[in-house]
Amino acid sequence: MHTLGLRPTSQQYLVHSAEQLCGLTLAEVAQTLQVNVPKNLRRNKGWIGQLLELALGASAGSKPEQDFPELGVELKTIPVNDQGKPLETTFVSVAPLTGISGLRWQDSNVRNKLSCVLWIPIIGERHVPPGERVIGPPLLWHPSSEEERLLQQDWEEIMELISLGHIQSITARHGQVLQLRPKAANSKALTEAIGAKGQPILTLPRGFYLKTNFTGTLLAKHFML
DNA sequence: CAATGATCATAC
DNA sequence: GTATGATCATTG
């Protein structure tokens, strides 16, 4: 606990810090950092992620880069039940809807963000007050070749539909492990995209999300070792 | 009751 | 509006 908030200088140090947090309630961490604990997350959906960023010394702000650029690590909290099963999908990044011709998987935001992720399971069902939820064992993850193959396959299929002007027909049912869903302040938010005839249209901003079966499997592999 | 579509707070 | 952090709430 004495290292709370310090910037990690290596992946090893970062993981060590995360391991020190394992078993603590969010209320305990919040108190140490002098952060107020909300009664629920309805108006504080990003509270847990921001608390862990602060606790582990991640760079704050809204910069479009990894949480630990010098370490090449992305930090993600993931709500799970007491058996380690994810309770929600995991947001990865906003999907580019224009200027995407020639964009390859290798250069995509999704691939870059998921190349190395420090997963922090947060144990507690939706009805459990945030402060009572418990930090689980961290996992520094790199996608296996099979996992990356699945991600690339879904990404390429979805991006092709977008580039062909079919974004209006894409639902969250597309993709095995990665899905495209709205990512906006509300249904009135609009952004430019490609229409069916190649013309510019306005549509809801979308984001890529990891489906729970995918994150559930990757966490399970870790916990079974 | 899980999954999809919609939404909340904040910084710039 | 975009990008950060995600979960809510309605639907099937």
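Side chains are part of it too, since the values below use all heavy atoms of this structure and drop only hydrogens, waters and symmetry mates.
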Going by atom types only, do A:T212 and A:E88 share a side-chain donor-acceptor pair under 3.5 Å?
no

With a 4.0 Å cut-off on heavy atoms, is [X] in touch with a base, just the backbone sugar-phosphate, or nothing at all?
| X | result |
| --- | --- |
| A:T89 | base |
| A:G46 | base |
| A:D67 | sugar-phosphate |

With a 4.0 Å limit, can you tell me whether A:T212 has a side-chain N or O closer than that to the phosphate oxygens OP1/OP2 of B:dA2?
no

Can you tell me the distance, in whole Å, between the [atom1] atom of [X] and the [atom2] atom of [N]?
| X | N | atom1 | atom2 | result |
| --- | --- | --- | --- | --- |
| A:K211 | C:dA6 | NZ | P | 21 Å |
| A:L41 | B:dT10 | CG | P | 14 Å |
| A:F208 | C:dA3 | CZ | P | 13 Å |

Distance-only donor-acceptor test, A:Y209 side-chain atoms vs C:dA6 base atoms, 3.5 Å:
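By the distance-only test, yes, there is a pair.
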
Using only modelled atom types and a 3.5 angstrom limit, is any donor from either the side chain of A:R42 or the base of B:dA9 paired with an acceptor on the other?
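Checked by distance alone, the answer is no.
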
Could you check if a side-chain atom of A:L26 sits within less than 4.5 angstrom of a side-chain atom of A:W47, using non-hydrogen atoms only?
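In contact.
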
Do A:P137 and A:F223 make a side-chain contact, defined as non-hydrogen atoms from C-beta onward lying under 4.5 Å apart?
yes

Among residues 165-193 of chain A, which contact DNA chain B at a heavy-atom distance under 4.0 Å?
A:T171, A:A172, A:R173, A:Q179, A:R181, A:P182, A:K183, A:A184, A:A185, A:N186, A:S187

Between the side chains of A:E148 and A:R111, is the shortest nitrogen-to-carboxylate-oxygen separation below 4.0 Å, so that they form an ion pair?
yes

Check this for me, if you would: do A:K221 and A:E147 make a salt bridge, where the nitrogen-to-carboxylate-oxygen distance has to be below 4.0 angstrom?
yes

Please tell me which of A:I48 and A:K63 maps to the more 5' nucleotide of DNA chain C, matching each residue to the nucleotide holding its nearest heavy atom.
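Result of the comparison: A:K63.
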
Taking side-chain contact (heavy atoms from CB on, under 4.5 Å) as the test, write out the residues that go with A:T9, two or more places apart.
none

